[in-house]
S.K.: 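First the structure, which I've put down as structure tokens, then a few questions once you've had a look.
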Amino acid sequence: MATAGGTKEEYAARRRSYRALLRAQGIDGMVLTHLPDIRHLCGFTGSSGVALLLRQGGYFFTDFRYREQSAREVVGLRTVIYATSVEEAVAKTLQRRRGLRLGFDRDVASYAGVMALRRHLRGIAALLPLKGSLGLLRAPKSRSELETIRKCIDIAQRAFLTALRDVDGRSSEFDLAAAIDIAARRLGSERPSFDTIVAAGSRGALVHAGPSRKRLRGVTVIDWGVELRGYCSDTTRTVAFGKVPPLLEKAHCLVLEAQERALDMVRPGVKARKVDGAAREVIERAGYGDAFGHGLGHGVGLEVHERPHVSPASRDIIEEGMVFTNEPGIYLPGIGGVRVEDMVYVTATGPELLTTLPRGLDPSDYI
């Protein structure tokens, strides 16, 4: 039976992987407060809840608003509906299991939340930071997760092509961004996975520029994604509406070369920073190293930015099943910018390119 994020068998496999982490770190359980982690573990899609996974059994805590929803969605955990506070409910549930050592993910748990839970668990259980992040358990994607991500990418690509066909001489950045979002909704997406970026001309040097009322003129960076069943996509294309400055034409060629070099490095067991370095070397060798100031990529799944980190400082290792972006960029203040972003799936033998759009500057390449 399929649920919001996988089959019951997939959820069972996830619980086993989370429990393997418990055993490896010598603790008795873990408290999950980050909603994407909770959704991955048990399928809950609401906006308020806490999961407690023990070596045997586990609980999902939420309030009255999600009584019916949790009954339909939560897999593998016993649901507790609390009336006062989640911290009090957790402490009451563990009252007869004194002496437990519970872990939490310091990368995502709030300080206030941890301190409140510690106060309620005093004399019942110790709350300790986990070694490493639960985000790495979500990084390798299951078969059903990958299928959903493929559908996200398909919707996003068709939405982009639909919107691009309607661009004319009066169209603004805002018009194109809105057209992409509307087309994606009509094609079945639930929402954008982030605010769509359209930045034309010199505004392309702003890495995360929001769309303005400026008309589409010159080299334009378009970065968009959609969400479906909680999973995300993320794609960027750089398209020229009119004249292309020679520096940006050169930058576009370098970015495409950097993408290919990075793709050649992708395989299980490789350090993520080595993948970043392969792309960065191309751009640095051409003298534009200072113009490529962000990491090469990031994981995409239940969050549009998740593990693995593909950057010079990353300590992540590429694993089979991971999905991440490959998005080198060059940004020249006062002139413009170029970024091309594809999503990559890691197979046992190397990379599979999930994004299938053309990568040219000419809009006619896409129509």
Side-chain angles (χ1 to χ4, degrees), residues 4-5 141 144-200 203-204 207-217 219-241 252 255 259 297-306 323-327 329 337-345 352-367:
K141 301 302 186 276
S144 65
E145 287 180 299
L146 180 61
E147 182 59 31
T148 301
I149 290 170
R150 289 186 193 276
K151 289 178 180 176
C152 285
I153 294 170
D154 178 62
I155 290 170
Q157 292 186 153
R158 288 190 288 145
F160 175 74
L161 297 174
T162 297
L164 202 59
R165 284 195 290 268
D166 292 335
V167 169
D168 60 30
R170 297 167 299 174
S171 298
S172 68
E173 295 173 351
F174 181 85
D175 293 332
L176 179 54
I180 292 171
D181 293 347
I182 291 168
R185 282 279 193 161
R186 287 175 173 164
L187 289 166
S189 80
E190 295 165 358
R191 60 188 64 83
S193 50
F194 55 91
D195 291 340
T196 299
I197 295 166
V198 180
R203 295 187 73 249
V207 179
H208 278 175
S212 73
R213 296 290 179 176
K214 178 181 178 180
R215 288 192 176 182
L216 295 172
R217 297 288 187 272
V219 175
T220 302
V221 178
I222 308 157
D223 189 349
W224 77 104
V226 308
E227 187 174 322
L228 179 67
R229 301 174 197 160
Y231 288 84
C232 302
S233 73
D234 189 0
T235 306
T236 306
R237 286 296 181 265
T238 301
V239 179
F241 299 101
H252 188 260
V255 163
Q259 263 203 321
H298 54 84
V300 183
L302 286 169
E303 296 176 280
V304 75
H305 290 90
E306 58 179 41
V323 173
F324 57 86
T325 64
N326 177 6
E327 50 176 310
V338 171
R339 182 167 68 255
V340 180
E341 176 183 22
D342 293 321
M343 289 177 61
V344 177
Y345 172 65
E352 177 190 341
L353 199 60
L354 298 179
T355 313
T356 59
L357 284 172
R359 294 185 290 168
L361 280 170
D362 193 329
S364 66
D365 292 344
Y366 302 86
I367 298 172

S.K.: Pair Ser171, Leu216 - check side-chain contact (heavy atoms from CB on, under 4.5 Å), show working.
M.R.: CA-CA 6 Å; Ser171 298; Leu216 295 172; 4.0 Å; yes

S.K.: Just to verify, which of Ile153, Leu354, Val344 counts as forming a side chain to side chain contact (heavy atoms under 4.5 Å, CB included) with Val323?
M.R.: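 One option only clears the test, and that one is Leu354.
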
S.K.: For the residue pair Val304 and Ser233, what are the closest heavy atoms and their distance?
M.R.: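 Smallest heavy-atom distance, with atoms named: CG2-O, 3.9 Å.
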
S.K.: With side-chain hydrogen bond (donor to acceptor under 3.5 Å, both in side chains) as the rule and sequence neighbours excluded, what pairs involving residues 190-200 come up?
M.R.: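 Sorted result for residues 190-200: Asp181-Thr196, Arg191-Glu227.
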
S.K.: Between Glu327 and Arg339, is there a donor-acceptor pair closer than 3.5 Å when you use the side chain of the first and the backbone of the second?
M.R.: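 No; zero donor-acceptor contacts below 3.5 Å.
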
S.K.: What heavy-atom pair brings Cys232 and Val300 nearest, and what distance separates the two atoms?
M.R.: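 The pair with the smallest heavy-atom distance is O-CG1, 3.3 Å.
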
S.K.: I'd like to know if the side chain of Thr355 and the backbone of Met343 have a donor-acceptor N/O pair within less than 3.5 Å.
M.R.: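 Such a contact is found between Thr355 side chain and Met343 backbone.
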
S.K.: Should the ring pair His305 and His298 be called parallel, tilted or perpendicular, given that the plane angle runs from 0 to 90° and is split at 30 and 60?
M.R.: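 Because their plane-to-plane angle lies in the 30° to 60° range, the rings of His305 and His298 count as tilted.
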
S.K.: Assess whether salt bridge (charged side-chain N to carboxylate O under 4.0 Å, His left out) is satisfied between Arg237 and Asp342, documenting all intermediate values.
M.R.: CA-CA 9 Å; Arg237 286 296 181 265; Asp342 293 321; 2.7 Å; yes

S.K.: Taking all non-hydrogen atoms of both residues into account, name the closest pair between Ala184 and Val226 and its distance.
M.R.: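 In this case the closest contact between Ala184 and Val226 is CB-CG1, 3.7 Å.
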
S.K.: What heavy-atom pair brings Tyr231 and Cys152 nearest, and what distance separates the two atoms?
M.R.: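 Taking every non-hydrogen atom into account, O-SG, 3.2 Å.
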
S.K.: By the ring pair (Phe, Tyr, Trp, His ring centres under 6.0 Å) test, which pairs, at least two apart or in different chains, include something from residues 172-192?
M.R.: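 For residues 172-192: none.
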
S.K.: Show the nearest heavy-atom pair for residues Val207 and Ile197, with the distance to one decimal.
M.R.: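 Result for this residue pair: O-CD1, 4.3 Å.
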
S.K.: Looking at Ala200 and Thr220, what are the two nearest heavy atoms and their distance?
M.R.: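 Ala200 and Thr220 have their closest heavy atoms at CB-OG1, 3.4 Å.
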
S.K.: Roughly how far apart are Leu176 CG and Ile222 CD1, rounded to 0.5 Å?
M.R.: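 Between atom CG of Leu176 and atom CD1 of Ile222 there are 5.0 Å.
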
S.K.: Starting at CZ of Phe194, measure out to CH2 of Trp224 and round the result to the nearest 0.5 Å.
M.R.: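 Reported to 0.5 Å precision, the distance equals 8.5 Å.
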
S.K.: Start with the C-alpha distance between Val167 and Val239, add both sets of side-chain angles, then the distance that settles side-chain contact (heavy atoms from CB on, under 4.5 Å), and finish with yes or no.
M.R.: CA-CA 12 Å; Val167 169; Val239 179; over 6 Å; no

S.K.: Under the side-chain hydrogen bond (donor to acceptor under 3.5 Å, both in side chains) definition, can you give me all pairs with a residue in residues 150-160, not counting sequence neighbours?
M.R.: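 Residue pairs with at least one partner in residues 150-160: Arg150-Glu352, Asp154-Arg158, Gln157-Thr356.
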
S.K.: Quick one, Phe241 and Pro363 - any side-chain contact, counting heavy atoms below 4.5 Å?
M.R.: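 Yes, at least one pair of side-chain atoms sits under 4.5 Å.
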
S.K.: What's the separation between atom CZ in Arg165 and atom CD1 in Ile367, rounded to the nearest 0.5 Å?
M.R.: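 Result: 7.5 Å between the selected atoms.
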
S.K.: How long is the straight-line distance from CD1 of Ile149 back to CG of Asp234, given to the nearest 0.5 Å?
M.R.: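 Nearest 0.5 Å value for the CG-CD1 distance: 11.5 Å.
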
S.K.: Checking salt bridge (Lys or Arg N to Asp or Glu O under 4.0 Å) between Glu173 and each of Arg215, Arg203, Arg217, Lys214, which is the one that passes?
M.R.: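 Only one option passes, and that is Arg203.
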
S.K.: Is it the case that the side chain of His252 and the backbone of Arg359 share a donor-acceptor pair, with hydrogens and angles ignored and the cut-off at 3.5 Å?
M.R.: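 The answer is yes, because a donor-acceptor pair under 3.5 Å joins these two groups.
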
